[in-house]
Amino acid sequence: MGLDFSVVPDYLDVIFLGALWTIAITVCAGLLSFFGGIFFAVIALYGNAAVRLPFRFFEWLFMGTPLLLQLFLIYFGLVQIGIDLPAFVAGAIGLGLHFAVYNSELIQTAIVSVDKGQMEAARTLGLSRGQALRKVVIPQAVRDVIPPIGNNMIALLKDSALVSVIGVGELTLSSQLAIGRTYRPFEFYAVAAAFYYLINVVMEAVLRRLERKTALSR
Amino acid sequence: MDVDLILKVYPHFIKAAWVTVELSVLTILLGLVCGALAAAARLSRFAILRFIGAAYVSVLRGVPALIFLFLLYFGGPQIGIQLSAFEAGVIGLGVNIGAYMAETMRGAIISVDKGQAEAARTLGLSRFQAFRKVILPQAMRLMIRPLGVNINAQIKGTALVAAISVVELTYTAQRYIGSTYKPFEMFLLAGALYLFIITLTGKGIAYLDRKVRLP
Amino acid sequence: MANSEKFVEIRHARKSYGSLEVLKDISLSVDRGEIVAIIGPSGSGKSTLLRAINDLDSLSGGEVWLDGVQINKTLGHREYEKHINAMRQQVGMVFQHFNLFPHMSVRDNVTMAPKLLKGISDKEAEALAIEQLNHVGMLERIDYYPSQLSGGQKQRVAIARALAMKPKVMLFDEATSALDPELVEEVNQVMKMLAEEHMTMVIVTHEMDFAASVCDRVIFMDGGVVVEEGAPEQVFRNPKEERTRAFLRKHLSVHGKG
């Protein structure tokens with residue numbers, strides 16, 4: 001069959017739109033995974049046993065099973081209980097929750113390693129535990145985990161390809177759309193790969209800058 | 001929870017779990033080979049090998065595994081590569097995880113203290129002898145745990161071949177979700193099997209790590 | 001050989017990192033059986049000079065000779081590798097941070113290189129390990145691993161490891177600087193013993209007392225040049241150069257000795 005990239009320009013607008021959706025879902029799921037990660041970490045460390053234990057189980061389940069399986073659960077599970085979410089929302093929730101669990105692990109370690117004295121100092125000033133966490137401990141912990149969370153965000157970008165399976169029209173699915181019309185899988189997957197690689201490179205560059213900045217502020 | 005359904009379908013899941021195990025073993029073995037070669041290339045004194053190693057790591061780590069898998073399976077025939085879905089899964093995912101393993105191995109090797117190589121070279125060992133006798137044995141111990149993280153990720157990563165219809169655990173769960181409309185039950189069934197495989201592997205890696213630990 | 005009495009000879013050694021010159025045209029020689037101490041402030045180039053003797057740090061210019069053979073010959077990559085490995089077998093080196101192989105027992109630390117490079121049998125290797133470890137008083141630790149030893153013990157094993165290759169010369173790069181004060185003496189004792197056996201030694205050190213009591217000659221380096229050299233009594237008691245005097249004033253007063 002051979003390769004023929006001349007059909008690619010006709011579909012660049014479709015691919016480009018797909019890339020924008022990939023960026024959109026990466027940002028949405030990324031934000032969810034970040035704040036979800038903080039929330040989960042606080043529950044895991046400070047929640048009472050009735051909350052903590054089920055959470056630990058949930059965490060164990062999510063870290064030990066494939067993301068693709070989790071996406072199927074969320075997409076079809078929500079439908080079953082009568083919540084019919086658009087694929088994009090289901091995909092963002094699935095990706096976001098999955099990575100929130102991984103981020104939570106990082107944030108827990110970071111919170112524990114923030115000096116106990118910091119909490120004591122804040123409590124001595126009269127802050128409540130929640131205030132001390134919010135104002136003193138978590139900001140320091142978050143700064144420490146920016147590099148590893150950044151790496152998770154890059155992993156999230158690449159895993160966002162999986163949401164094509166539940167019908168989110170992102171880069172992978174829009175490439176498949178073009179392939180369906182042209183029967184040129186190699187060309188369009190190669191183009192998709194190039195787009196992913198490009199976004200990846202940009203994200204890494206931003207992360208390296210962020211790392212340097214946070215390294216300076218300590 | 002529909003226990004009767006679980007009891008009815010679980011043999012199919014067990015069978016599928018064996019395919020997942022098979023995929024895991026093969027992709028991990030291929031990944032270790034690719035990783036070792038790429039790590040060696042990246043540490044070579046020849047610039048061309050360093051470039052090839054770095055390009056492999058950068059490209060494979062910069063592109064989703066799913067896209068690489070699709071490129072190989074659907075695009076392969078256009079460049080004369082005809083593979084079954086299973087073969088494409090093993091090769092695609094193995095080559096992909098190899099890029100991550102290469103970084104793990106390289107990291108372990110370069111974290112061995114520089115004085116070790118100096119001491120070995122001072123005794124008259126060649127570069128290669130120093131690597132084989134002094135650097136590698138220490139690096140191997142350092143890389144067991146981080147390779148364990150790669151292996152854990154890859155066991156879950158085998159689920160991607162569901163997208164090219166290899167009948168393994170995730171594909172099986174997906175089909176049964178479609179036919180039974182019982183997503184939670186099917187998720188728990190497949191999830192339990194994944195957790196079993198992953199936990200067992202994790203224990204094996206921890207055992208290995210303890211066993212080779214230095215006094 | 002024309003210069004056999006000059007056992008180790010360094011001719012016009014130069015070394016620079018970019019625009020920073022760490023060795024500026026240094027020439028010196030060490031006789032067979034002679035014990036030479038190199039002293040000087042940190043950054044004076046003394047460690048670099050020592051490491052240049054077995055080409056661990058390559059010189060930018062100049063020659064290093066051992067027993068009539070040039071160590072840093074100009075050869076193609078392959079031939080040079082062979083040559084330098086053969087030369088290094090004849091030059092023992094002891095490091096500040098020991099650099100024992102942590103994955104090997106004390107025995108294997110001592111015998112690995114002789115077995116690999118000289119092809120000696122297991123039996124000969126065992127005898128060699130016993131001989132060398134006994135020599136440095138570490139025989140009872142033969143089955144230990146480096147992590148189970150004190151710093152002084154580690155350094156004694158490192159000396160045994162170097163001696164097991166039967167080197168023509170031993171280089172000591174601040175061998176006692178990383179040790180707790182109470183462990184320095186056991187290592188010094190071993191080095192003194194080697195001196196009595198007429199081992200040729202080049203010793204980079206901060207310990208003026210040790211240099212004065214053991215060495216035949218002291219070389220004071222500063223700023224990449226040899227400022228002064230001579231017998232220990234002369235350099236320590238009666239230094240000719242102002243820079244030497246300044247260094248000794250500072251250094252000896254720190255230790256409260258003079």
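For clarity, every value in this text was computed on a predicted model and none was experimentally measured. In the text below, chain A, chain B and the rest are named by the order of the sequence lines, each starting its count at 1.
- Taking 4.5 Å as the limit, some side-chain heavy atom of B:V134 sits within range of a side-chain heavy atom of C:M112.
- In this structure, chain C has heavy atoms under 4.5 Å from both the backbone and the side chain of B:L123.
- Panel note: side chain B:S58, backbone B:A55; no donor-acceptor pair is recorded below 3.5 Å.
- No side-chain N or O of B:S84 forms a donor-acceptor pair with one of B:Y73 less than 3.5 Å apart.
- Only the side chain of C:F95 comes within less than 4.5 Å of a heavy atom of chain B; its backbone N, CA, C and O stay farther away.
- Proximity of B:L32 to B:L147: side-chain heavy atoms (C-beta onward) are separated by under 4.5 Å at one or more points.
- Within 6.0 Å of the CE atom in B:M140, the count of heavy atoms belonging to other residues, nucleotides or ligands does not exceed 12.
- Contact of C:M104 with chain B is made through the side chain alone, with heavy-atom distances under 4.5 Å.
- B:E22 places a side-chain heavy atom less than 4.5 Å from the side chain of B:F86.
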Here's a test: name every donor-acceptor pair under 3.5 Å between chain B and chain C, with the distance for each.
{"residue": "B:R45", "atom": "NE", "partner": "C:H77", "partner atom": "NE2", "Å": "3.4"}
{"residue": "B:R45", "atom": "NH1", "partner": "C:H77", "partner atom": "NE2", "Å": "3.4"}
{"residue": "B:R45", "atom": "NH2", "partner": "C:H77", "partner atom": "NE2", "Å": "3.3"}
{"residue": "B:G115", "atom": "O", "partner": "C:N99", "partner atom": "ND2", "Å": "3.0"}
{"residue": "B:Q116", "atom": "NE2", "partner": "C:L100", "partner atom": "O", "Å": "2.8"}
{"residue": "B:E118", "atom": "OE1", "partner": "C:R51", "partner atom": "NH1", "Å": "3.0"}
{"residue": "B:E118", "atom": "OE2", "partner": "C:R51", "partner atom": "NH1", "Å": "3.4"}
{"residue": "B:E118", "atom": "OE2", "partner": "C:R51", "partner atom": "NH2", "Å": "2.6"}
{"residue": "B:R121", "atom": "NH2", "partner": "C:E81", "partner atom": "OE1", "Å": "3.1"}
{"residue": "B:R121", "atom": "NH2", "partner": "C:E81", "partner atom": "OE2", "Å": "3.4"}
{"residue": "B:R121", "atom": "NH2", "partner": "C:N85", "partner atom": "OD1", "Å": "3.4"}
{"residue": "B:K133", "atom": "O", "partner": "C:H103", "partner atom": "NE2", "Å": "2.9"}
{"residue": "B:Q138", "atom": "NE2", "partner": "C:H103", "partner atom": "ND1", "Å": "3.4"}
{"residue": "B:P215", "atom": "O", "partner": "C:S147", "partner atom": "OG", "Å": "2.5"}

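- Contacts of C:L171 with chain B are absent, with no heavy-atom separation under 4.5 Å from either backbone or side chain.
- For B:R145, the CZ atom is loosely surrounded, since the number of other residues' heavy atoms within 6.0 Å does not exceed 12.
- Proximity of B:V57 to B:R106: side-chain heavy atoms (C-beta onward) are nowhere separated by under 4.5 Å.
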